[in-house]
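Throughout, residue positions are numbered sequentially from 1 according to the sequence presented. All values derive from a computational prediction rather than experimental measurement.
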Amino acid sequence: MSFPLLTATAAIPAIGAIATAAVPAARRTFAKWLALLFSLATLVLAGIALARFEPGGSRFQLTESHAWIKDFGVRYELGVDGIGVALMALTALLMPFIILAAWHDADPSPSSQLRSSRGGPNENKPYRWRPTQGFFALMLMTEAMVILSFEATDVFLFYILFEAMLIPMYFLIGGFGDRATSSGAAAAAAGGGDENAASQRSYAAVKFLLYNLVGGLIMLAAVIGLYTVAGTFSLSEIAEARANGTFSMATSTERWLFLGFFFAFAVKAPLWPLHTWLPNAMGEATSPVAVLITAVVDKVGTFAMLRFCLQLFPEASKWATPVILVLALISIVYGALLAVGQRDIKRLIAYASISHFGFIVLGIFAMTSQGQSGATLYMVNHGISTAALMLVAGFLISRRGSRLIADYGGVQKVAPILAGTFLIGGLATLSLPGLAPFVSEFLVLVGVFSAYPVIGIIATTGIVLAAIYVLVLYQRTMTGPVKAEVQGMADLKVRELVVVVPLIALLIFLGVYPKPLTEIVNPAVQHTLSDVQKKDPQPQVEAVK
């Protein structure tokens, strides 16, 4: 029996979560190092899986299959194609940086310590320490579920993971929110800031949970419907039966089931108009948790569109394509326009991500090899670029204690390294040539232009708007006169540089040489296109007379 590499890659962070949560309360620093150690071990296993994956081999590799709930035909089936293994590696890669960036996010709140030292009605009560062990354990558990969701080839197993990952994310958003204010320093100093912040965190967490639960419940109905008509939850069995002509669905049934799956994935992605939970969640969460949301968890939605929607419901996918392309186009323009008008740094990045997810969905449903390759690369590169920008923004916000753009100015004169890394992260977000996201966006637009030129033309407005919101953000925060509150701001420290520098190096490397990534994902894209029986449009060239 071969070593269950995929199971081990997901099991290591799950074991790490349990071990971290069990660390005694007084040993918070040990809990942090333990969580980091388990995340690095997961990265090593993901790297081995990536190295063992053969791009020219079978579609699903490193497969595992075991009986689970026999009475319902549920199996523990795992396997990765080029898309799944790339996203699994992205998740494992980002987690150590997320943990390092969040090193002090669950430490005791300075404001709470100050109030305790001043006395008051609660002065005789012991200071309530934030549960550091729980914070990092929740992160590792989320990582385990996300990795396993990229590996699952049983629809029911995927559904369980799709829903279960909401639980740790709910507590990370609602229980460990950002301590910075979005209402200005003066308002925070006036008192009542903690109570208001807790209320906002609770609202964001509940909104996140409700939106995704509704999507998940609709998906559950579709999963049951799929089993009713197919008699199995196995993705490989359904695909094989469809290829052999022994299984087919009525047109109306396939369309309804497709809509049930797609709705849940569009909420997770998120796609307009199901996006409104994301700005609240990213705004109120700590910056590392915000990265976990948009760079890792949300990728499950777009990944599932490729793996399940197109493979299980090819005809319905083609039927729904015109509407989905319009929704994606609205997401691109709408998200970018709202990003331009934001006053809050983190909400600006959240709306920019909505615009970027619009590009990803646009590439997927363009049904061209360039579009889907670009969409897959976009998922990976967006994860890296958003992590770089959001984490640097988090370092900036933690120094000033405010998320408002207007509270900054002249930072590059007092913290040049922080400003420089912030600029590179911003330039990657606007897809500057030479940085990794440019390749992704270019391929998506090429794929869309070849099939839907009008939609491609409108989508390019998102590029122009991205340049506006990124450059204006940098200008208002980093340039100009140095504000009094910014004077004396510390530059990036060693731990922060360890977080940011590798991400920037990776953005540059994949921007100059994307071939290692494209070689992995392109065969999987060709398999997906064959599922929907689509070929790239042939260019129309008029003969010269």
Q: Have a look at Ile364 and tell me which of Thr302, Thr376, Val525 forms a side-chain contact (heavy atoms from CB on, under 4.5 Å) with it.
A: Thr302

(Q) Please report whether the ring centroid of Phe162 lies less than 6.0 Å from that of Phe265. (A) yes

Q | Stepwise side chain to side chain contact (heavy atoms under 4.5 Å, CB included) test for Val146 and Met165 | A | CA-CA 7 Å; Val146 170; Met165 68 180 69; 4.1 Å; yes

Q | Donor-acceptor contact present, side-chain Glu254 to main-chain Ala316, <3.5 Å | A | yes

Q: Give, for atom CG of Leu529 and atom OG1 of Thr368, the distance between the pair rounded to the nearest 0.5 Å.
A: 7.5 Å

Q: Take Trp272 and Ile332 through the side chain to side chain contact (heavy atoms under 4.5 Å, CB included) test and state the conclusion after the steps.
A: CA-CA 9 Å; Trp272 184 93; Ile332 292 171; over 6 Å; no

Extract all donor-acceptor atom pairs below 3.5 Å that involve side chains of residues 84-91 and protein atoms in other chains or at least two apart in sequence.
{"residue": "Thr91", "atom": "OG1", "partner": "Leu87", "partner atom": "O", "Å": "2.9"}

Q | Heavy-atom check, side chain of Met169 versus side chain of Leu172, under 4.5 Å | A | yes

**Q.** Side chain to side chain, Thr142 and Met95, heavy atoms closer than 4.5 Å
**A.** no

Q: Return the orientation label for the Phe233 and Phe156 ring planes: parallel under 30°, perpendicular over 60°, tilted otherwise.
A: tilted

Q.
Distance check, rounded to the nearest 0.5 Å: Ser287 atom OG versus Leu389 atom CG?
A. 10.0 Å

Q. Which atoms form the tightest heavy-atom contact between Glu151 and Leu6, and what is the distance?
A. OE1-O, 3.0 Å

Q: Supply the atom-to-atom distance Gln370 CD to Asn522 CG, rounded to the nearest 0.5 angstrom.
A: 9.5 Å

**Q.** Atom of Gly426, atom of Val470 and distance for their closest heavy-atom approach
**A.** O-CG1, 3.3 Å

Q.
Please determine whether the number of non-hydrogen atoms from other residues, nucleotides or ligands lying under 6.0 Å from atom OH of Tyr76 exceeds 12.
A. yes

(Q) Any side-chain to backbone donor/acceptor pair from Thr132 onto Ala106? Under 3.5 Å, distance only. (A) yes

(Q) Quick one about Thr528 and Gln372 (side-chain donor to acceptor, distance below 3.5 Å, no hydrogens or angles considered), yes or no? (A) no

Q: Working to the nearest 0.5 Å, report the span between CG of Leu507 and CD1 of Ile384.
A: 6.0 Å

Q) Are any non-hydrogen side-chain atoms of Phe208 and Leu166 less than 4.5 angstrom apart? A) yes

Q. Hey, does Leu100 have a side-chain heavy atom less than 4.5 Å from the side chain of Leu36?
A. yes

(Q) How close do Arg495 and Ala101 get, counting heavy atoms only, and between which atoms? (A) NH1-O, 3.7 Å

Q. Can you tell me if Thr153 uses its side chain to pair, donor with acceptor, with the backbone of Leu235 under 3.5 Å?
A. no

(Q) Tell me the closest heavy-atom pair linking Glu163 and Gly216, and the distance in Å. (A) OE1-CA, 3.3 Å

Q: Taking the side chain as every heavy atom from C-beta outward, state whether Ile354 and Tyr351 have any pair of such atoms under 4.5 Å apart.
A: yes

Q: Output the distance between atom CG (Leu78) and atom CD (Glu64), rounded to the nearest 0.5 Å.
A: 5.0 Å

Q. What's the verdict on side chain to side chain contact (heavy atoms under 4.5 Å, CB included) for Phe176 and Val289, showing C-alpha distance, side-chain angles and the deciding distance?
A. CA-CA 9 Å; Phe176 300 92; Val289 171; 5.7 Å; no

Q) Above 12 or not: heavy atoms from other molecules or residues under 6.0 Å from CZ of Phe442? A) no

Q | Closest heavy-atom pair and its distance - Ile12, Phe38 | A | O-CD2, 3.4 Å

Q. Do the side chains of Phe158 and Val223 get nearer than 4.5 Å, heavy atoms only?
A. no

**Q.** Within 6.0 angstrom of Arg52 CZ, more than 12 heavy atoms from elsewhere
**A.** no

(Q) I need the minimum non-hydrogen distance between Met139 and Pro288, along with the two atoms involved. (A) CE-CB, 4.2 Å

Q | Non-hydrogen side-chain atoms of Tyr211 and Thr276 separated by less than 4.5 Å | A | yes

Sequence neighbours left out, cut at 3.5 Å: what donor-acceptor pairs do the side chains of residues 305-313 make with other protein atoms?
{"residue": "Arg307", "atom": "NH1", "partner": "Phe150", "partner atom": "O", "Å": "3.3"}
{"residue": "Arg307", "atom": "NH1", "partner": "Ala152", "partner atom": "O", "Å": "3.0"}
{"residue": "Arg307", "atom": "NH2", "partner": "Asp81", "partner atom": "OD1", "Å": "3.3"}
{"residue": "Gln311", "atom": "OE1", "partner": "Arg59", "partner atom": "NH2", "Å": "3.3"}

Q. Step by step, would you call Ser331 with His275 a side chain to side chain contact (heavy atoms under 4.5 Å, CB included)?
A. CA-CA 9 Å; Ser331 291; His275 68 284; over 6 Å; no

Q: Check for a donor-acceptor pair, side chain of Ser398 on one end and backbone N or O of Phe395 on the other, with a separation under 3.5 Å.
A: yes

**Q.** Main-chain N/O of Ala17 paired with Thr20 side-chain donor or acceptor, under 3.5 Å
**A.** no

(Q) Looking at Lys299 and His382, would you say the former's side chain and the latter's main chain have a donor-acceptor pair under 3.5 Å? (A) no

Q: Kindly indicate whether the side chain of Asn212, heavy atoms from C-beta on, has any atom under 4.5 Å from the side chain of Lys268.
A: yes

Q: Measure the CG-CZ distance between Leu506 and Phe509 for me, rounded to the nearest 0.5 Å.
A: 8.0 Å

Q | Backbone of Val267 reached by a side-chain donor or acceptor of Trp277 within 3.5 Å | A | yes

